[in-house]
Amino acid sequence: MRLILLAAPGAGKGTQAEILSEHYGIPTISTGAILRKAIKDGTELGRTAEKYINEGKLIPDDLMLKVMDERFKNDDCKNGFILDGFPRTLAQAEALSASPIEIDKVLSIEVDDQTIIERLSGRLECRSCGTTYHTEHRPPKTPGVCDKCGGELGARDDDKPETVKQRLKTYHEQTEPLIEYYREKGLLRVAKGQSEIEETSKVVFEALEA
Ligand code: AP5
C-alpha cells in the first residue's frame, strides 16, 4: 500500500496515519514531523523551514522535493508507506507522478474549517516523540505527560489562531486543487471526517477497502 493522505491542517491526517500504519504494518512519512525535527536539531533545513512554518506558509517546492527524494531512499519504504503532508502543491504532485514511485490510493478526509479551528485550539503534542493528543477528544492519561514516552506535552507554535487561519488559506489555495488532480487519475477515495477519532477511522477503512 502506497497511500497519500490529503486533507486540511488539523483534519486528522496524523491521527489516522498512526492507526493505518499499525494496521497495514507500513511506515508513515510525515513531512511536518521531518521539518519539526530539523528545527529542533537546528539544521540548515530547520532554519529555513521555521520561518515558513511559523507564518503558515509552505516551504519551497525544490527544498521539499530534495527532502523527499532522500526519504524515499530509506529501506523502510520498500513495502509501502503512508504519506502525511506530501504532496501539497501541484508541482510536488507532478514531480511524484513523474518519479518511479507508484501511488495506489489517495485518501481525502473532509473536515470543515470551523471544526479544524476548534480541534487545533485543543491539540497537544509531545515535545519528545511528537505523539498528538487533544484536551477533549484524546486526552493523555496524566495531564501534561505523554502516555508513550513520559515527555512534556505542549501546543505547537503554528497552532496559534492567526497562524491556523493562514494555514487554512494556504491549504485552500495550494493543496485543495490536488483533490481534482487525483480524482482525474482515478486514485481518489473520500472519507467524511467524524466528530470522534474512532468513528473517523471506521469511515477511513470503509473508503480505502471499498
Ligand atoms: P504538518 O505537520 O503536515 O501540518 P498540517 O498539514 O497543518 O497538519 P497537522 O499536523 O496540523 O494536522 P493533522 O491533519 O495531522 O491533524 P491531527 O491528526 O494532528 O505541516 C506543518 C508545516 O510544515 C506546514 O504548514 C508547512 O509549512 C510545512 N510543510 C509540511 N509539508 C510540506 C510540504 N509537502 N510542502 C511544503 N511545506 C510543507 O489532528 C488535529 C487535532 O484533532 C489533534 O489534537 C487530534 O487529537 C484531534 N483529532 C483528530 N481527529 C479527530 C476527530 N475525528 N475528532 C476529534 N478530534 C480529532
Side-chain angles (χ1 to χ4, degrees), residues 4-21 28-39 45-46 48-69 71 82-96 107-126 130-140 146-147 153-160 163-176 178 191-204:
I4 293 173
L5 294 185
L6 195 57
K13 297 182 296 297
T15 304
Q16 295 304 321
E18 200 183 314
I19 295 164
L20 291 166
S21 165
T28 295
I29 302 177
S30 159
T31 45
I34 293 172
L35 297 172
R36 280 187 291 280
K37 179 165 187 315
I39 293 173
L45 169 66
T48 307
E50 190 167 23
K51 177 170 137 296
Y52 292 97
I53 291 179
N54 288 342
E55 286 178 5
K57 298 192 175 144
L58 299 180
I59 72 160
D61 286 331
D62 55 345
L63 190 55
M64 200 65 238
L65 289 170
K66 230 186 269 172
V67 169
M68 291 309 285
D69 264 358
R71 183 62 185 85
I82 299 160
L83 293 179
D84 166 8
F86 180 86
R88 240 171 158 115
T89 63
L90 217 44
Q92 292 177 16
E94 281 166 353
L96 183 61
L107 179 74
S108 163
I109 307 175
E110 294 180 341
V111 180
D112 64 79
D113 286 9
Q114 200 41 51
T115 304
I116 282 170
I117 290 166
E118 178 271 318
R119 278 192 198 164
L120 291 183
S121 69
R123 173 162 64 181
L124 296 169
E125 191 181 69
C126 175
T131 300
T132 297
Y133 298 86
H134 191 278
T135 46
E136 198 183 319
H137 303 290
R138 196 190 192 189
C146 178
D147 295 351
L153 304 184
R156 250 168 61 177
D157 286 344
D158 60 346
D159 280 348
K160 292 189 189 93
T163 316
V164 169
K165 220 168 134 199
Q166 176 58 47
R167 284 164 65 199
L168 283 167
K169 186 168 179 281
T170 303
Y171 170 76
H172 291 304
E173 288 172 1
Q174 294 183 261
T175 309
E176 211 166 38
L178 299 191
K192 197 153 176 41
Q194 305 293 310
S195 59
E196 293 301 331
I197 292 167
E198 294 72 22
E199 292 164 27
T200 302
S201 292
K202 202 166 160 263
V203 293
V204 160

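Residue numbers run from 1 in the order of the sequence given. Because the structure is a prediction, the values reported are computed rather than measured. All ligand and atom numbering here is 1-based and tracks the order in the structure.
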In terms of residue, atom name and distance, what is the protein heavy atom nearest to [atom]?
atom: atom 16 (O) of ligand 1; answer: Gly12 N, 3.2 Å
atom: atom 26 (C) of ligand 1; answer: Lys57 O, 3.6 Å
atom: atom 43 (C) of ligand 1; answer: Thr132 CG2, 3.5 Å
atom: atom 2 (O) of ligand 1; answer: Arg36 NH1, 2.8 Å
atom: atom 22 (C) of ligand 1; answer: Ile53 CG1, 3.8 Å
atom: atom 31 (N) of ligand 1; answer: Thr31 OG1, 2.7 Å
atom: atom 18 (O) of ligand 1; answer: Thr15 OG1, 2.5 Å

Would you call [X] a ligand 1 contact, heavy-atom distance under 4.0 Å?
X: Ala8; value: yes
X: Ser195; value: yes
X: Glu199; value: no

Where [X] and [Y] come nearest, the two heavy atoms and their spacing:
X: Ile116; Y: Ala8; answer: CD1-CB, 3.4 Å
X: Ala49; Y: Leu35; answer: CB-CD2, 4.0 Å
X: Leu5; Y: Lys13; answer: CD1-O, 3.4 Å
X: Arg138; Y: Ile197; answer: CB-CD1, 3.8 Å
X: Thr200; Y: Gly193; answer: OG1-C, 4.0 Å
X: Pro87; Y: Leu6; answer: O-CD1, 4.1 Å

Checking the N or O distance criterion of under 3.5 Å, is ligand 1 in contact with [X]?
X: Ala7; result: no
X: Asp84; result: no
X: Leu120; result: no
X: Arg138; result: no

Heavy-atom pairs closer than 4.0 Å: do any link ligand 1 to the side chain of [X], the backbone, both, or neither?
X: Thr200; answer: side chain
X: Tyr171; answer: neither
X: Leu35; answer: side chain

Return the option from [options] holding the heavy atom at the smallest distance from [atom].
atom: atom 10 (O) of ligand 1; options: Arg156, Lys13, Met68, Glu18; result: Arg156
atom: atom 46 (O) of ligand 1; options: Gln174, Glu196, His134; result: His134
atom: atom 5 (P) of ligand 1; options: Glu50, Gln16, Arg88; result: Arg88
atom: atom 12 (O) of ligand 1; options: Gly10, Gly56, Ala155; result: Gly10
atom: atom 9 (P) of ligand 1; options: Glu55, Met64, Arg123; result: Arg123
atom: atom 48 (N) of ligand 1; options: Arg119, His137, Arg167; result: Arg119
atom: atom 34 (N) of ligand 1; options: Gly85, Ala49, Pro60, Ala17; result: Gly85
atom: atom 15 (O) of ligand 1; options: Gly14, Gly130, Gly32; result: Gly14

Listed by chain and number, what are the side chain to side chain contact (heavy atoms under 4.5 Å, CB included) partners of Asp61, not counting sequence neighbours?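 Checked Asp61 against side chain to side chain contact (heavy atoms under 4.5 Å, CB included); matches are Thr89, Ala91, Gln92.
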Can you name the residues that form a side chain to side chain contact (heavy atoms under 4.5 Å, CB included) with Ala38, not counting sequence neighbours?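 Counting only residues at least two positions away or on another chain, Ala38 forms a side chain to side chain contact (heavy atoms under 4.5 Å, CB included) with Thr43, Leu45.
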Just so I know, are the side chains of [X] and [Y] near enough to count as touching, which here means a heavy-atom distance under 4.5 Å?
X: Leu83; Y: Leu96; result: yes
X: Thr163; Y: Asp157; result: no
X: Arg156; Y: Arg36; result: yes

Treating [X] as the side-chain partner and [Y] as the backbone partner, does any N or O pair qualify as donor plus acceptor under 3.5 Å?
X: Thr170; Y: Lys57; result: no
X: Thr31; Y: Gly85; result: yes
X: Gln194; Y: Lys192; result: yes
X: Arg123; Y: Thr132; result: no

In terms of atom number and element, which parts of ligand 1 are under 4.0 angstrom from non-hydrogen atoms of [X]?
X: Ile59; value: 36 (C), 37 (N)
X: Tyr133; value: 43 (C), 44 (O), 46 (O)
X: Gln92; value: 33 (C), 34 (N), 35 (N), 36 (C)

Using a strict cut-off of less than 4.0 Å between a Lys/Arg side-chain nitrogen and an Asp/Glu carboxylate oxygen, indicate whether Asp159 and Arg119 qualify as a salt bridge.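 A salt bridge is absent here (no side-chain N lies under 4.0 Å from a carboxylate O).
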